[in-house]
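Comments concern the structure below.
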Amino acid sequence: MKYHVLEDYYELSDKLEVVLTPEQIEERVWEMGRAISADYAHVTKGEDAEKHSLLLIGLMKGVIMFMADLMRTITIPVEVDFMRTASRTSAAADIGLMELQYRPSLPTSVTNRHIIFVEDIIDKGLMLNHALRTLRLFNPASLEVCTMFEKPTFRLIDTPVKYKGFDLPHKFVVGYGLDYREKYRNLPFLAALRTERQ
Ligand code: IMP
Ligand code: MG
């Protein structure tokens, strides 16, 4: 894939500072895909393989780029599904009031499946905790977490993360699927954003 560089993003480049290049991201995603393929190779064997195959479940919309890249690096049979978590307001998000808008659809039901819950970024961990609690209600065969980014500084809920791309300093970042007011998701790199709020 051929990527634009920061300077190509008209009127944006002065607001952004590149934190990770597309190449750094690509390399790390490749390693994560290889690890997942090796760790889950056993679930694709045996009589129950069909109904126990690996299922990646992502949280829209931030995870789109990571999911698209990650699934292309996995070399065992795999399925994908998505959920959507909407915070009613950002104040509500701060106290963990979130609503799961979509549940995994029935054809790719969670029950008895090996699930990897795929996240773009974990900050306080509230979103993750809420999603995992919901998934556990469907009795998966196993449930692990894979996140591209984590900002460990303000983690409130300590959920184990099996696969992690990068730890980040506590800065607001955009790009590679992450947004600020729905903008910047298209950037192929991860950038720190200088906003009026900061
Ligand atoms: P938390 O872990 O419950 O705090 O929520 C994590 C969610 O907040 C992520 O899924 C993102 O949607 C959003 N988020 C947290 N930090 C950032 C950031 O630096 N840039 C963009 N979105 C972020
Ligand atoms: Mg998100």
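Start at 1 and go down the list; that is how both ligands and their atoms are numbered. Computed from a prediction, not measured in an experiment: that's the story for all the values here.
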Is Glu31 paired with Arg34 through a side-chain N to carboxylate O contact shorter than 4.0 Å?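 No.
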Could you give me the CA-CA distance, side-chain angles and deciding distance for Glu26 and Tyr3, then say whether side-chain hydrogen bond (donor to acceptor under 3.5 Å, both in side chains) is met? CA-CA 12 Å; Glu26 201 171 273; Tyr3 300 108; 2.8 Å; yes
Might you confirm whether atom NE2 of His42 has over 12 heavy atoms from other residues, nucleotides or ligands at distances under 6.0 Å?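 Atom NE2 in His42 is crowded, with more than 12 foreign heavy atoms closer than 6.0 Å.
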List ligand 1 atoms under 4.0 Å from [X], heavy atoms only on the residue side.
X	result
Lys124	1 (P), 2 (O), 4 (O)
Asp179	21 (C)
Lys151	16 (N), 17 (C), 18 (C), 19 (O)
Lys171	19 (O)

So, does [X] sit close enough to ligand 1 that a heavy atom of it is under 4.0 Å from the ligand?
X	value
Gly62	no
Leu128	no
His130	no

Does one side chain, of Asp120 or Tyr176, offer a donor that lies under 3.5 Å from an acceptor on the other?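 Checked: Asp120/Tyr176 side chains show no N/O donor-acceptor pair below 3.5 Å.
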Pair Tyr40, Glu144: side-chain N/O donor-acceptor within cut-off below 3.5 Å: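 On atom types as modelled, these side chains do not qualify, holding no pair under 3.5 Å.
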N/O of [X] under 3.5 Å from N/O of ligand 1, yes or no?
X	result
Leu126	yes
Val174	no
Met127	yes
Phe172	no

Would you mind telling me which of Thr147, Leu143, Asp39 makes a side chain to side chain contact (heavy atoms under 4.5 Å, CB included) with Lys162?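 When side chain to side chain contact (heavy atoms under 4.5 Å, CB included) is applied between Lys162 and each of Thr147, Leu143, Asp39, only Asp39 qualifies.
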At what distance, to the nearest 0.5 angstrom, does CG of Asp167 lie from NZ of Lys151?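 Asp167 atom CG to Lys151 atom NZ measures 12.0 Å (nearest 0.5 Å).
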To the nearest 0.5 Å, tell me how far Leu128 CG sits from Glu150 CD.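 Going from the CG atom of Leu128 to the CD atom of Glu150 covers 9.0 Å.
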Suppose we screen for ring-ring contact (aromatic ring centres under 6.0 Å, His included). Which residues come up paired with Phe189, at least two apart in sequence or across chains?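 For Phe189 the ring-ring contact (aromatic ring centres under 6.0 Å, His included) partners, ignoring immediate neighbours, are Tyr9.
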Quick test of your reading of the structure: of Asp120, Asp123, Val19, whose heavy atom lies closest to atom 12 (O) of ligand 1?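 Residue with the shortest heavy-atom distance to the ligand atom: Asp120.
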Given Thr147, Ile121, Leu190, Val63, which has its nearest heavy atom closest to atom 6 (C) of ligand 1?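 Ranked by closest heavy atom to atom 6 (C) of ligand 1, first place is Ile121.
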